[in-house]
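Some notes on the structure that comes next.
Every number for a ligand or one of its atoms is a count from 1 in the order of the listing.
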Amino acid sequence: MTPDRRTLLRAGLSATAALASPFGPLTTQARGAAPELPPPIEGGVSCDLDICAAAGEDFGHIVRAQPQMVVRPKTSADIGKSVQWAVERKLKVAARGCGHSTYGRALAEGGVVIDMTEINAIGDIAPDRVTVGVGARWPEIADPALASDRIKVGAGTTWFDVLDAALKHGMTPPVLPNYLGLTVGGTVAIGGIGGSSSRHGLQADNVLELQVVTADGTELTCSRSFNADLFDAVRAGLGQCGIITRATLRLIRAPERVRRWQLYYPDLAALVSDQQRALDDRRFDQLQGAVLPDGSGGWRYMLDGAIFYDRGAPGTDTSLKGLSDIRSAAQTIDVSYRDDAHAFAKFEALLRSKGHWTNPQPWLFTFLPASRAEQFARETIGNLTGDDIGPFGRVTFYPLRRDAIRAPLIRMPDETTVFAFNIVRIPASNDAKQVEQMLSSNRAIYTRVRDAGGVLYPVSAFPMWPDDWQRHFGASWTRLREAKQRYDPHNLLTPGYNVFGA
Ligand SMILES: Cc1cc2nc3c(=O)[nH]c(=O)nc-3n(C[C@H](O)[C@H](O)[C@H](O)COP(=O)(O)OP(=O)(O)OC[C@H]3O[C@@H](n4cnc5c(N)ncnc54)[C@H](O)[C@@H]3O)c2cc1C
């Protein structure tokens with residue numbers, strides 16, 4: 001039997017589907033030799049060089065690490081069989097959502113990449129509705145387990161699709177990422193932050209139950225009350241203890257509309273003062289902010305605040321009362337909740353039109369303690385030039401209340417208020433030397449963040465070593481290490497972070 005014929009059968013694909021699919025018979029042919037393949041699955045398996053090359057890089061375009069095969073499962077059983085097969089052969093395994101990591105975190109050199117994009121079934125919404133009356137404020141932080149409607153989705157579902165399914169019932173996940181083209185599994189594995197995080201925590205805090213395939217290929221259900229050690233090790237656990245196959249997500253009622261203000265300040269101190277005021281008085285349902293290049297070597301300081309409503313738009317004078325922004329520069333945007341959630345698409349289109357979307361993306365994401373945030377940001381931004389972040393790059397900088405964040409492996413500075421401090425570098429060109437310098441700069445800034453009592457948000461681009469991770473996880477390290485020994489004793493899952501070494 002020729003290798004291509006064997007792939008066809010083992011992939012369980014019909015001849016027609018196989019011919020139309022990159023996971024069909026031609027794929028293995030490209031490799032020349034007949035590789036050993038996993039047992040038959042409903043989805044597909046490919047050793048095609050182009051497919052493996054594509055799975056050997058990510059959105060960051062900085063790290064390359066090519067797998068020997070890509071599995072595209074259709075069911076949890078497919079994932080279980082593939083993981084078991086790979087682990088028996090001591091092959092590294094990485095789940096891949098949409099590959100939006102920036103530093104090789106979803107790669108598995110010489111191993112098996114599990115492309116999760118077809119694990120995207122969306123179940124019915126189970127109602128247990130917490131009513132928020134029209135005109136009432138959206139709920140403050142509550143114990144997520146006590147709420148609410150819920151939806152079960154495949155881990156490869158994008159937040160675009162989760163939102164659309166929830167909106168059909170007038171519901172929404174409490175926290176959406178700024179960019180909806182990320183998968184549920186991909187963000188739950190790292191935390192998942194968004195504009196509402198100050199109120200509702202991270203996405204990992206708003207998961208009610210997970211199904212997880214561990215390294216022996218079995219699928220386990222876990223929640224706060226069942227297999228809680230696995231639940232706690234998988235949420236923001238960087239894929240170290242299992243592959244999430246399905247997630248039950250908390251939902252709350254969606255507002256009809258969003259009124260958003262972008263407010264500008266003469267300097268960082270004025271921005272921070274108003275951000276802290278808005279955080280304390282909870283006037284906004286979403287609170288973020290950024291320091292942006294002004295195009296002539298300086299910076300613009302912006303607060304981004306949004307209020308949700310159904311009928312009767314919140315007035316600007318009342319909503320912005322007491323804030324000290326340059327009011328003549330303020331911009332107001334009033335759109336449907338769905339359009340607001342999709343707003344990143346315009347920025348994506350701009351970057352694509354300039355060719356910057358596909359350039360290397362050496363991003364650095366961190367959290368700072370409030371007591372050190374302003375000074376740290378001032379010093380660090382003072383050492384940055386426009387070229388260090390690119391014409392469309394930015395430093396996102398905004399406060400969060402720490403008490404909204406609960407999942408044990410989400411690391412935050414040890415203060416009531418913390419500031420996200422993210423250097424979103426979007427270089428204007430694909431210059432390897434410049435990228436190398438940016439990575440070194442990321443590492444140097446991260447070292448200073450740590451010294452200032454800050455922590456990494458693990459979507460950052462620069463090498464991390466096991467001792468870095470041990471320090472990162474701090475008091476939670478033992479919990480993660482013990483779970484790793486239990487659920488992936490041979491250290492084969494998600495090698496891209498280098499949490500436990502090679
Ligand atoms: C344009 C853009 C905007 C972004 N905006 C935000 C944002 O607003 N908030 C935010 O928090 N992050 C944001 N990110 C970062 C993003 O969350 C991470 O990049 C993460 O990679 C999620 O993307 P993904 O679903 O494509 O996952 P991948 O990049 O494919 O995977 C991310 C990591 O999770 C692991 N993984 C993937 N699926 C699973 C699974 N089912 N089970 C276990 N582990 C899994 C992978 O192995 C990898 O280690 C953004 C990234 C980009 C490129």
Taking the ring of [Y] and the ring of [X], is the distance between their centroids below 6.0 Å?
X: Phe421; Y: Phe367; answer: no
X: Tyr446; Y: Phe462; answer: yes
X: Trp357; Y: Phe59; answer: yes

Quiz item: If you take all heavy atoms of Pro360 and Ile62, which pair is closest and at what distance?
Solution: CB-CG1, 4.1 Å
Every pair of nitrogen or oxygen atoms between ligand 1 and the protein that is under 3.5 angstrom apart - can you list them with their distances to 0.1 Å?
from, atom 1, to, atom 2, distance (Å)
ligand 1, 8 (O), Asn178, N, 2.8
ligand 1, 8 (O), Ile193, O, 3.4
ligand 1, 9 (N), Ile193, O, 2.8
ligand 1, 11 (O), Ile193, N, 2.8
ligand 1, 11 (O), Tyr457, OH, 2.6
ligand 1, 19 (O), His100, O, 2.8
ligand 1, 21 (O), Ser101, N, 3.3
ligand 1, 21 (O), Ser101, OG, 3.3
ligand 1, 25 (O), Thr183, N, 2.8
ligand 1, 25 (O), Thr183, OG1, 2.7
ligand 1, 26 (O), Cys98, N, 2.9
ligand 1, 26 (O), Gly99, N, 3.0
ligand 1, 26 (O), His100, N, 2.9
ligand 1, 29 (O), His100, N, 3.0
ligand 1, 29 (O), Ser101, N, 2.8
ligand 1, 29 (O), Ser101, OG, 2.7
ligand 1, 30 (O), Gly97, N, 2.7
ligand 1, 30 (O), Gly99, N, 2.9
ligand 1, 41 (N), Ile244, O, 2.9
ligand 1, 42 (N), Ile244, N, 2.9
ligand 1, 47 (O), Ala95, O, 2.6
ligand 1, 49 (O), Arg105, O, 2.8
ligand 1, 49 (O), Tyr497, OH, 3.4

Quiz item: Does one side chain, of Thr245 or Gln211, offer a donor that lies under 3.5 Å from an acceptor on the other?
Solution: no
Self-check item: Ring-face cation of Arg394 near Phe347 (centre distance under 6.0 Å, axis angle within 45°)
Solution: yes
